[in-house]
Amino acid sequence: MRSDANIAGPMTDPVPGPRTESAGEDVSRETLPPMDDTPIGRAAQLAVEALGRAGEGLPRPEQTRIMVVANQKGGVGKTTTTVNLAASLALHGARVLVIDLDPQGNASTALGIDHHADVPSIYDVLVDSRPLSEVVQPVLDVEGLFCAPATIDLAGAEIELVSMVARESRLQRAIQAYEQPLDYILIDCPPSLGLLSVNALVAGAEVLIPIQCEYYALEGLGQLLKNVDLVRGHLNQTLHVSTILLTMYDGRTRLASQVAEEVRTHFGKEVLRTSIPRSVRISEAPSYGQTVITYDPGSSGALSYIEAAREIAFRGVAVHYEPQQHGRVGHQNNQHSMAEELQ
Ligand SMILES: Nc1ncnc2c1ncn2[C@@H]1O[C@H](COP(=O)(O)OP(=O)(O)OP(=O)(O)O)[C@@H](O)[C@H]1O
Ligand SMILES: [Mg+2]
């Protein structure tokens with residue numbers, strides 16, 4: 001068990017601002033000028049504060065938290081969420097590995113990781129049993145952040161895996177054999193529920209579902225939840241949906257707040273208080289091989305992801321101390337840890 005699992009800074013309320021559905025005016029707020037007493041100036045101050053807190057660190061999980069970022073609907077913000085949360089957590093001192101499990105390789109691109117056809121990749125891990133340590137690359141801009149890239153080969157893996165032994169648990173085995181210490185592993189899934197996604201669900205304990213604040217947002221989610229249940233029932237009893245994140249929230253539209261309300265009613269406490277606004281900076285960052293956290297740390301998009309990462313980190317700790325309320329959320333040996341806490 002890790003000995004450094006404590007709260008590194010006081011647990012303050014998230015700073016107000018571009019974080020909740022009520023903050024609709026932040027939708028188009030981007031890079032912020034120096035501080036003054038205008039709304040933009042105050043937002044700049046919040047940015048500085050938020051980033052200033054980075055040095056304080058966040059609570060680190062006792063065990064590696066493996067989060068599967070999944071939603072079979074395309075373009076809802078899975079990759080954007082994976083890379084920006086990962087960068088935010090690393091910025092706060094965590095060691096984080098992003099596993100790109102999508103043949104599109106978008107997460108690799110966004111992290112500035114080379115992923116042309118000859119680069120050792122997650123395909124080699126899944127199909128040729130290559131050790132994960134041989135494909136993981138450090139992300140240059142962000143200390144503590146690593147990426148197992150995806151190459152175009154991965155497109156064939158869905159079919160190649162079908163006839164393989166232990167085809168659903170090949171990623172799980174690779175992760176178990178990986179010896180580097182990590183606080184988080186975030187797995188970016190493709191927009192489908194095939195064997196690649198099943199490998200992720202078998203390997204992880206937590207599912208993080210990004211939901212785009214659009215019409216039809218909840219359509220198809222039933223199938224994902226059914227798959228989560230199936231995998232929990234047969235292959236991985238620790239699996240549960242721990243986190244829902246509302247993405248591309250446009251506070252100017254009534255639709256966005258209606259969707260947000262519906263999602264909150266449906267899922268309740270799994271939904272993060274922070275939602276991610278629609279932001280040009282977020283969509284620009286990947287073309288520079290960067291996350292928005294490094295591309296424009298003062299933008300509303302960066303701040304929102306930093307705040308979402310804080311929530312996730314503190315929820316991990318809350319699990320530890322509040323077993324009654326959060327019984328479904330947690331790690332395999334939480335029982336053991338809690339028993340120790342109570343003594
Ligand atoms: N908050 C946001 N504001 C503006 N654009 C965004 C935001 N989040 C994501 N995008 C953009 O929306 C598009 C889809 O996002 P992303 O690639 O993260 O979705 P995805 O679910 O991973 O897609 P896929 O299903 O294809 O893997 C991208 O062009 C991305 O830059
Ligand atoms: Mg994607």
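Note that ligands are numbered from 1 as they come in the structure, with each ligand's atoms numbered from 1 the same way.
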query = Protein heavy atom under 4.0 angstrom of atom 2 (C) of ligand 1, is there one?
reply = yes
note = among protein heavy atoms, the one nearest atom 4 (C) of ligand 1 is Ser279 O, 3.1 Å
request  = Drop me the distance from Leu145's CG to Leu111's CG, to the nearest 0.5 angstrom.
outcome  = 5.5 Å
inquiry  = Strictly less than 4.0 Å: does any protein heavy-atom distance to atom 8 (N) of ligand 1 fall in that range?
reply    = yes
task = Return yes when Pro277 approaches ligand 1 closer than 4.0 angstrom through a heavy atom, no otherwise.
result = yes
query = Can you list the protein N, O or S atoms less than 2.8 Å from the Mg ion (ligand 2)?
reply = Thr79 OG1
message = For the residue pair Glu311 / Thr274, report whether a side-chain donor-acceptor contact shorter than 3.5 Å exists.
response = yes
key: Residue-ligand contact Pro286/ligand 1, heavy atom below 4.0 Å   = no
key: Nearest-neighbour protein heavy atom for atom 17 (O) of ligand 1, which is reported as residue plus atom name and distance   = Thr79 CB, 4.1 Å
request  = Return the minimal non-hydrogen interatomic distance between Val162 and Arg167, and the atom names on each side.
outcome  = O-NH1, 2.9 Å
ask   = Any side-chain donor-acceptor pair under 3.5 Å between Thr81 and Tyr305?
value = yes
note = So the salt bridge (charged side-chain N to carboxylate O under 4.0 Å, His left out) pairs with at least one residue in residues 117-139 (sequence neighbours excluded) are Arg130-Glu134
query = Are Met67 and Ile293 joined in one hydrophobic group, where the rule is that I, L, V, M, F, W and Y side chains link up if heavy atoms are under 4.5 Å apart?
reply = yes
query = So which heavy atom in the protein is nearest atom 20 (P) of ligand 1, and how far is it from that ligand atom?
reply = Lys78 N, 3.5 Å
key: For atom 24 (P) of ligand 1, the protein heavy atom that lies nearest, with its residue and separation   = Gly75 N, 3.5 Å
request  = Could you tell me which atoms of ligand 1, counted from 1 in the order shown, lie closer than 4.0 angstrom to a heavy atom of Gly74?
outcome  = 25 (O)
query = atom 29 (O) of ligand 1: which protein heavy atom is closest, and how many Å away?
reply = Ser283 CB, 5.0 Å
Under 4.0 Å to a heavy atom of Val76 - the qualifying atoms of ligand 1, by number = 19 (O), 20 (P), 21 (O)
request  = For Asp102, counting its heavy atoms only, list the atoms of ligand 1 lying under 4.0 Å from any of them.
outcome  = 27 (O)
task = Give the minimum heavy-atom separation between Pro149 and Ser108, together with the two atoms involved.
result = CA-OG, 3.3 Å
inquiry  = Measuring from atom CD1 of Ile209 to atom NZ of Lys73, what distance do you get when rounded to the nearest 0.5 angstrom?
reply    = 13.0 Å
query = Closest non-hydrogen protein atom to atom 12 (O) of ligand 1, residue and atom name please, with distance?
reply = Met248 CE, 3.9 Å
key: Close side-chain approach of Arg278 and Gln212, heavy atoms under 4.5 Å   = yes
remark   = If we number the atoms of ligand 1 from 1 as shown, the ones under 4.0 Å from a heavy atom of Gln104 are 24 (P), 26 (O), 27 (O)
inquiry  = To check your reading of the model: name the closest protein heavy atom to atom 15 (O) of ligand 1, its residue, and the distance in Å.
reply    = Thr80 OG1, 3.7 Å
inquiry  = Check contact between Gly301 and ligand 1, using heavy atoms of the residue and a distance below 4.0 angstrom.
reply    = no
note = Heavy-atom proximity to atom 19 (O) of ligand 1 ranks first, among Ser300, Gly77, Ser304, for Gly77
ask   = Which of the atoms of ligand 1 are close to Ile276, meaning less than 4.0 Å from one of its heavy atoms?
value = 1 (N)
ask   = Which distance, rounded to the nearest 0.5 Å, do you find between the CE of Met248 and the OG of Ser283?
value = 9.5 Å
